[in-house]
2 protein chains.
Amino acid sequence: MPGPRRSITETEQAIQQRLGGLTLQREAMAAVGNIHRAAAAVRNHLENSVLRPHELTWTSFVVLWVLWIWGEAETWSVAEEAGISKGTLTGVSRTLESRGLVARSPHPEDRRRVLLSLTPAGEKLMEELFPAFNAEEAFVSAPLSPEQCLQLADSLRVIVGRLEERGEQRRRKLLADEDLAPRRSGRRPRP
Amino acid sequence: MPGPRRSITETEQAIQQRLGGLTLQREAMAAVGNIHRAAAAVRNHLENSVLRPHELTWTSFVVLWVLWIWGEAETWSVAEEAGISKGTLTGVSRTLESRGLVARSPHPEDRRRVLLSLTPAGEKLMEELFPAFNAEEAFVSAPLSPEQCLQLADSLRVIVGRLEERGEQRRRKLLADEDLAPRRSGRRPRP
DNA sequence: GCTTTATCGTTTGGCCTCAAATGATTACCT
DNA sequence: AGGTAATCATTTGAGGCCAAACGATAAAGC
């Protein structure tokens with residue numbers, strides 16, 4: 001019979017043991033590792049509390065959120081802001097449109113582009129949903145003081161900013177002399 | 001023509017404006033929002049730098065990592081530790097097994113259970129991969145001092161710990177009188 | 001004007017993702 | 001011992017996810 005699940009503290013101790021011999025950036029490892037643990041835990045909690053009754057996935061909610069914050073916007077920009085690819089956005093916005101939460105309209109000056117916006121139903125949903133969402137954000141961070149939350153947000157913003165500024169350059173440098181095989185998945189050239 | 005992508009600072013300013021009228025937990029919102037922005041940015045960077053040449057997805061790497069840290073373990077525990085469902089792990093471990101990185105062996109006392117472990121090739125890969133992975137963890141968090149990294153890891157651990165301890169209880173309370181529709185996706189009962 | 005060249009959003013293919021159903025096995029109960 | 005309940009990994013179905021291919025449109029070059 002399996003024992004209780006391992007706590008995050010036990011996990012960190014096991015990492016220390018396993019890597020005892022290697023000289024590594026332990027602080028960075030702890031920070032980055034916990035970013036992902038926390039992101040997954042928080043996402044899971046929000047999906048299974050406030051989003052589930054509305055049958056919204058995380059990504060759908062984020063897209064609604066972006067449109068709520070920024071107002072009508074091009075798909076290009078919405079995908080960027082939501083942190084998903086434009087291909088993914090095509091599917092998600094189609095789903096939201098079919099549920100009457102998002103409207104799609106052609107760009108007045110460029111027929112290639114498409115503008116997305118919330119419908120009145122979408123606006124109404126966000127006005128109802130966001131306070132509940134924020135209440136859970138407050139729940140998960142309740143043990144931290146407001147100052148600690150801001151400190152946390154600051155440190156994370158520094159990391160995001162660094163990748164915004166130097167990430168691409170760094171990747172180019174790292175992969176400069178790599179001979180990358182084509183991706184396993186993805187569309188194939190026609191024969 | 002679309003302008004440059006909006007920075008994380010601009011995004012936070014827009015949120016402030018949009019929510020000017022509402023009374024909300026801004027500190028919690030900033031913290032939680034940035035957790036996800038940072039997680040996505042870091043994951044994207046690592047997938048497209050150290051993982052891509054080895055044709056490993058993020059999830060595959062995390063599973064290898066868990067087996068490397070904990071050694072041979074039951075699928076049950078690996079899924080928990082990797083932060084994925086056991087159904088997902090079935091697929092991922094099958095892929096890793098087909099690439100000769102992971103071995104699957106029956107539990108000596110319970111034929112329902114399965115033990116996973118790294119093959120020698122898997123061990124070798126992790127010994128080569130992990131230093132490179134850690135170097136990128138150091139790269140993304142370079143602007144932060146070691147003390148700030150530990151502070152960051154601490155705050156995130158507090159959030160994960162809170163959800164480990166009180167998350168399920170909270171969700172039960174929130175959904176107590178909700179009449180949840182069955183999930184849209186998922187296996188259907190046989191007719 | 002006519003031809004590149006660039007840039008839209010969409011489509012495609014192969015994974016990942018979850019929760020519930022399912023079959024195999026084990027534990028419990030009488 | 002024999003039946004029921006619990007628990008394991010797997011399967012299933014619908015959707016999310018990305019990058020590259022693609023068709024439609026627009027801009028630039030000539």
Side-chain angles (χ1 to χ4, degrees), chain A residues 1-3 40 43-44 47-48 51-52 55-63 73-80 82-99 104-116 180-191, chain B residues 1-3 40 43-44 47-48 51-52 55-63 73-80 82-99 104-116 180-191:
Chain A
M1 203 156 339
R43 175 174 169 158
N44 176 65
E47 281 185 329
N48 288 313
L51 298 185
R52 194 92 131 76
E55 303 200 48
L56 285 175
T57 63
W58 177 266
T59 303
S60 298
F61 176 79
V62 173
V63 168
E74 300 183 31
T75 60
W76 184 85
S77 161
V78 174
E80 183 87 38
I84 57 178
S85 72
K86 51 187 188 162
T88 300
L89 180 63
T90 296
V92 172
S93 61
R94 213 196 325 260
T95 300
L96 292 173
E97 192 186 15
S98 77
R99 290 218 227 163
R104 171 187 304 261
S105 55
H107 190 286
E109 300 163 16
D110 187 338
R111 277 184 294 177
R112 291 172 303 181
R113 305 190 211 176
V114 172
L115 295 171
L116 296 182
L180 286 185
R183 274 178 108 255
R184 240 162 229 288
S185 60
R187 188 162 177 168
R188 297 276 169 273
R190 62 151 77 170
Chain B
M1 204 154 336
R43 174 174 167 159
N44 176 66
E47 281 184 329
N48 288 312
L51 299 185
R52 193 95 129 76
E55 304 201 49
L56 285 176
T57 63
W58 176 267
T59 304
S60 298
F61 176 80
V62 172
V63 167
E74 301 184 30
T75 59
W76 183 85
S77 162
V78 174
E80 184 88 38
I84 58 179
S85 72
K86 50 189 186 162
T88 300
L89 180 63
T90 297
V92 172
S93 61
R94 213 197 324 261
T95 300
L96 291 172
E97 192 185 16
S98 76
R99 289 216 227 163
R104 170 188 307 260
S105 55
H107 191 285
E109 299 165 15
D110 188 338
R111 279 181 294 175
R112 291 170 304 181
R113 306 189 210 176
V114 172
L115 296 171
L116 297 181
L180 287 186
R183 271 179 110 257
R184 244 161 226 288
S185 60
R187 189 163 178 167
R188 299 275 169 274
R190 62 152 77 168

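Reminder, nothing fancy here: chain letters follow the sequence lines and each chain counts from 1.
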So, using side chain to side chain donor-acceptor pair (under 3.5 Å) as the criterion, who are the partners of [X] when residues are at least two apart?
X         : result
Thr88(A)  : Ser85(A)
Ser60(B)  : Thr57(B)
Asp110(A) : Arg112(A), Arg113(A)
Thr90(A)  : none

Table of protein N/O atoms under 3.5 Å from nucleotides 3-6 of chain D N/O atoms:
none

Figure out the [atom1]/[atom2] separation between [X] and [N], and round it to whole Å.
X         : N       : atom1 : atom2 : value
Glu74(A)  : dT7(C)  : CD    : C1'   : 11 Å
Glu55(A)  : dA14(D) : CD    : C1'   : 13 Å
Asn48(A)  : dT17(C) : CG    : C1'   : 13 Å
Leu56(B)  : dC15(C) : CG    : C1'   : 13 Å
Arg52(B)  : dC18(D) : CZ    : P     : 13 Å
Arg113(B) : dA9(D)  : CZ    : P     : 8 Å
His107(A) : dA26(D) : NE2   : C1'   : 12 Å

**Request:** Could you check which residues of residues 84-97 of chain A get a heavy atom under 4.0 Å from DNA chain C? Sort them by number, please.
**Result:** Lys86(A), Gly87(A), Thr90(A), Arg94(A)
**Asked** Does Ser105(B) have any side chain to side chain contact (heavy atoms under 4.5 Å, CB included) partners at least two apart in sequence or in another chain, and if so, which?
**Response** Glu72(B), Leu115(B)
**Message:** Restricting to side chain to side chain contact (heavy atoms under 4.5 Å, CB included), what partner residues turn up for Ala40(A), sequence neighbours left out?
**Reply:** none
**Message:** Between Val62(A) and Ile84(A), is there a side-chain heavy-atom distance shorter than 4.5 Å?
**Reply:** no
**Request:** Look at the side-chain N and O atoms of Thr59(A) and state whether any lies under 4.0 Å from the OP1 or OP2 oxygen of dC17(D).
**Result:** yes
**Request:** Tell me whether the OP1 or OP2 atom of dC18(C) has a side-chain N or O from Arg43(A) closer than 4.0 Å.
**Result:** no
**Item:** Under-3.5 Å donor-acceptor pair between Arg111(B) side chain and dT25(C) base
**Value:** no
**Message:** For Glu47(B) and Asp110(A), find the nucleotide of DNA chain D closest to each by heavy atoms; which residue's nucleotide sits nearer the 5' end?
**Reply:** Glu47(B)
**Prompt:** Can you name the residues that form a salt bridge (Lys or Arg N to Asp or Glu O under 4.0 Å) with Arg52(A), not counting sequence neighbours?
**Reply:** none
**Item:** Partners meeting salt bridge (Lys or Arg N to Asp or Glu O under 4.0 Å) with Arg104(B) (sequence neighbours left out)
**Value:** Glu97(B)
Nearest heavy-atom neighbours spanning [X] and [Y]:
X         : Y         : answer
Glu109(A) : His107(A) : N-ND1, 3.0 Å
Leu51(A)  : Trp58(A)  : CD1-CA, 4.0 Å
Ala79(B)  : Leu89(B)  : N-CD2, 3.7 Å

**Complete:** Among the nucleotides dG9(C), dA9(D), dT12(C), whichever has the atom closest to the side chain of Arg187(A) is dT12(C)
**Prompt:** Which sits closer to the 5' end of DNA chain C, Asn44(A) or Arg104(A), going by the nucleotide each is nearest to?
**Reply:** Arg104(A)
**Message:** Assuming nearest nucleotide by heavy-atom distance, tell me which of Ser185(A) and Val114(A) is located more 5' along DNA chain C.
**Reply:** Val114(A)
**Message:** Over the length of the helix from dG1(C)-dC30(D) to dT30(C)-dA1(D), how much do the five-pair end axes diverge, rounded to 10 degrees?
**Reply:** 10°
